[in-house]
Protein chains: 4
Amino acid sequence: MEKKHEVKTSVKDENLIEKRRHQMIRAAVTLFKEKGFHRATTREIAKEAGFSIGTLYEYIRTKEDVLYLVCDSIYNEVHDKLSQISAQNGTIEDLKTAIRHYYRVIDDMQDEFVVMYQESKSLPKGALEYVLNKELEMINIFRKILVDCVQNGELRLTEAQTNLYAHTIVVQGQMWAFRRWVLRKEYTLEQFTELQIEFVLNGMGK
Amino acid sequence: MEKKHEVKTSVKDENLIEKRRHQMIRAAVTLFKEKGFHRATTREIAKEAGFSIGTLYEYIRTKEDVLYLVCDSIYNEVHDKLSQISAQNGTIEDLKTAIRHYYRVIDDMQDEFVVMYQESKSLPKGALEYVLNKELEMINIFRKILVDCVQNGELRLTEAQTNLYAHTIVVQGQMWAFRRWVLRKEYTLEQFTELQIEFVLNGMGK
Amino acid sequence: MEKKHEVKTSVKDENLIEKRRHQMIRAAVTLFKEKGFHRATTREIAKEAGFSIGTLYEYIRTKEDVLYLVCDSIYNEVHDKLSQISAQNGTIEDLKTAIRHYYRVIDDMQDEFVVMYQESKSLPKGALEYVLNKELEMINIFRKILVDCVQNGELRLTEAQTNLYAHTIVVQGQMWAFRRWVLRKEYTLEQFTELQIEFVLNGMGK
Amino acid sequence: MEKKHEVKTSVKDENLIEKRRHQMIRAAVTLFKEKGFHRATTREIAKEAGFSIGTLYEYIRTKEDVLYLVCDSIYNEVHDKLSQISAQNGTIEDLKTAIRHYYRVIDDMQDEFVVMYQESKSLPKGALEYVLNKELEMINIFRKILVDCVQNGELRLTEAQTNLYAHTIVVQGQMWAFRRWVLRKEYTLEQFTELQIEFVLNGMGK
DNA sequence: TATGAATGAGCCTTCATTCAT
DNA sequence: CATGAATGAAGGCTCATTCAT
């Protein structure tokens, strides 16, 4: 597990840091979604966040820090939401619930997902590694559910299949965020979810 | 279908345009892959292409034109390669062949795929639409194959399923390009392909 | 003679002012020596001094005030140390003693000397004049000693020579601070001192 | 001997580089003299030089490069001027001529001297070393003249004296540039020169 | 008195684009 | 057609200074 990548701040009040960073992240997501990381200026981010450029830089050191904070915050939020259902007992029903849950999270955080996957390549090396690890953790959540199902006799999968299908489930969920320009025209979230669940379960031999 | 998005040039000689653009695209892919669209400078692109910045601007109008040319060229190359097998007769075997073919193209053009999907959001609006349309065409290739299979009685899918699964097939292929940092460690292209084919066919009820 | 250049403070307690300014000057000399006036930030100065930026500004009005305080303090210290031997009776021996004394002071306060001469140009006009006057006072100390020697018949110098040689003595001492990167390799302070004394006395016709 | 410290340029035409750098150096000396290195902005330098900020940066990489170019150019000019009289035959008269020559150069290039000695501390490490070496070369010019005089029997100096007095001669010349605010009021260059020559020769036992 | 968060003018530097040769 | 020097708008970031607590 990677050590948490720290972002330098010259402010001491922890509560204030929390508050300002929250403002900053909200502003950044809005702007990154609209124009991407590179076209969004630090001045715009500060303004959108409701404070001055000087203040912004009291809480970060480089523009890339903002991106890191955004990615980190999104992953944490996703993790929090997903881990609510992580207590499982290895049934197909659990898997379905988890997928439904995951898809709903993606729907809720569409913009964040798109921003994160589109822009994380601009992170500096250390931060990128940290974020990729978070991605692996997310895949692990599903891998573990699959492993439980296998151990429970609900699914019959090799290890290679287990790993790959965990990725597949995660990726199929991301589709909903990335391809909404076309999928939204044809499916509701519920339709999409149920179709994908059916497909995935069939795919794994029910 | 969108009209082909034109890129202004002040050069008349069509052969020269073709040649220079080819050099330019190769250079741009290399650089975009390495540092992304925004961090690659027009000077670097010109240099990598083997001519001067002045010459570069004889063949394009803006830096975004380079990106457009890159995306367009990649899509065309993919289309060319895929359309070689588009003449089908609606069997499951055809579908498998098409998927294998598609996955091999993705493997061959990993860098190009990643560049295209990561950077196309930086295209100006008109060009973006044109490129998204190309994406739809690609999905259509698979949709048609599925439709053929359905009409042939090889598959039993609703229209909603047909459309969605076309997307799914395309997206699962992209996984190979985007997640190579982790998938490459665990699977060869062949293993990945066969696992995914099995999963997809099962997913669609074989 | 210039009136003492005053530095505004919003603090009343004289003892506190004295104490804080002392801390501040020590900190500033350290930092100016290390990175120069312009590269040292007020924040750093405050931190090095052991209090907050807010407190720093309770005792000064601008960053240049810090520099002024530093220069003023150094000159005062040098004056104090030199004036201990200012009671003279016009012998060559007195001159030698004064020079030895001066050179020792320079050796003790190398960093301060370098800071003062390198950075005083950044003083605001009024403060600069005040400081230049202090420099003249220092030259006067030696001029007076020379005048005494002349009146005593120990030296035979025109007024023009007296003035110039006072400068020369002062400047040759500064050499020890400014050129220590090379002089230190070849001479000890004592060797340097005696060689220069011999040179100066010969120079003035013994 | 240090290798010449190179300054990157993106311009290829050597003549143009020469010309532009000359403009740039003239502009920089003017501004550095007036407000010092740190207070002079790159925009001001470009404007004073007669071209745009963009053009300035075609010929340098950082602001410190400008300072380096200034220092290098000054040293070279001084060297060129001094080396015209470097062919000596070891007489006291040669020494006098060299000193007169040197003092005239200092008088001609007062501003440049002051700028160089005041600001060179802001050079990046590598460049600073290179420039300090130039300073040593200058001292060497006088050291060699002294050595010649000693070998010729015109002067009787130990090696320690020879080295130190070379420094002293150089430093006494710099006085004229640094203390002109006071020396100019009392002496003409000629008076200053002759007094110092007399002093130096006496100092070395005639 | 002491603190430190907030401010924003201003600096250095980059880079897409133009145009004279 | 090709070249590359010139341009300047714009961006990231710093830091002296202020002021509410």
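Bear in mind the structure is a predicted one, so any value in this text is a computation, not a measurement. Every chain is numbered from 1, with letters handed out A, B, ... down the list of sequences.
- At least one donor-acceptor pair closer than 3.5 Å links the side chain of C:E44 to the backbone N or O of C:T41.
- What separates NZ of A:K35 from P of F:dA10 is a distance of 12 Å, to the nearest Å.
- The main-chain N or O of D:A40 is found under 3.5 Å from a side-chain atom of D:K63 such that the two form a donor-acceptor pair.
- At the heavy-atom level, D:S52 lies under 4.0 Å from base atoms of the strands shown.
- Of the two residues near DNA chain E, D:K63 and C:G50, the one whose nearest nucleotide lies more 5' is C:G50.
- B:E119 places a side-chain N or O within 3.5 Å of a backbone atom of B:F37 that can act as its donor or acceptor partner.
- Across E:dC15, F:dT17, F:dG11, the shortest atom-to-atom separation from the side chain of C:T62 is found for F:dT17.
- Salt-bridge formation is not detected for the pair D:E77/D:K134: no Lys NZ or Arg NE/NH1/NH2 atom is positioned less than 4.0 Å from an Asp or Glu carboxylate oxygen.
- Residue C:F37 contributes atom CZ, which lies 13 Å from atom P of F:dC15 at whole-angstrom precision.
- Note on C:A46: nothing from the nucleic acid sits closer than 4.0 angstrom, heavy atoms only.
- Under a 3.5 Å cut-off, the side chain of C:R43 and the backbone N or O of C:I53 do not form any donor-acceptor pair.
- What separates CZ of D:F51 from P of F:dA5 is a distance of 14 Å, to the nearest Å.
- Rounded to whole angstrom, the span from the OH atom of D:Y57 across to the P atom of E:dT13 amounts to 3 Å.
- The shortest distance between the side-chain N/O atoms of C:T42 and the OP1/OP2 oxygens of F:dA16 is below 4.0 Å.
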(Q) Between B:Q23 and B:R20, does the side-chain hydrogen bond (donor to acceptor under 3.5 Å, both in side chains) criterion hold? Intermediate values first, please. (A) CA-CA 5 Å; B:Q23 294 174 287; B:R20 292 281 184 247; 3.0 Å; yes
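- In terms of position on DNA chain F, the residue among B:T55 and D:T55 whose nearest nucleotide sits closer to the 5' end is B:T55.
- With rounding to the nearest 0.5 angstrom, the CG atom of C:D72 is 7.5 Å from the CD1 atom of C:I25.
- Rounded to an integer number of Å, the gap from C:E58 CD to F:dT21 C1' is 13 Å.
- Rounded to a whole Å, the CZ atom of D:R39 is 14 Å from the P atom of E:dG10.
- D:E64 and C:R39 are joined by a salt bridge, as a carboxylate oxygen and a charged side-chain nitrogen come within less than 4.0 angstrom of each other.
- Counting to the nearest Å, the P atom of E:dC12 and the CZ atom of D:R61 are 17 Å from each other.
- Both B:G54 and C:G54 lie close to DNA chain F; mapped to their nearest nucleotides by heavy-atom distance, the more 5′-ward contact belongs to B:G54.
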- [ ] Go through the steps for C:E135 and C:Y75 under the test side-chain hydrogen bond (donor to acceptor under 3.5 Å, both in side chains), then give the verdict.
- [x] CA-CA 8 Å; C:E135 174 75 13; C:Y75 267 116; 2.5 Å; yes
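- Of the candidate nucleotides E:dG4, F:dA6, E:dT17, E:dG4 has the atom lying nearest to any side-chain atom of C:I53.
- What you find for B:Y57 and B:R61 is that their closest heavy atoms are CE2-O, 3.5 Å.
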Writing each nucleotide of DNA chain E 5' to 3' as (, ), [, ], | or . by Watson-Crick or G-U pairing under 3.5 Å yields .||||||||||||||||||||
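- The distance between atom CZ of A:R43 and atom C1' of E:dC11, rounded to the nearest whole Å, is 11 Å.
- Only at 4.0 angstrom or more do the heavy atoms of residues 10-30 of chain A sit from any atom of DNA chain F, so none qualifies.
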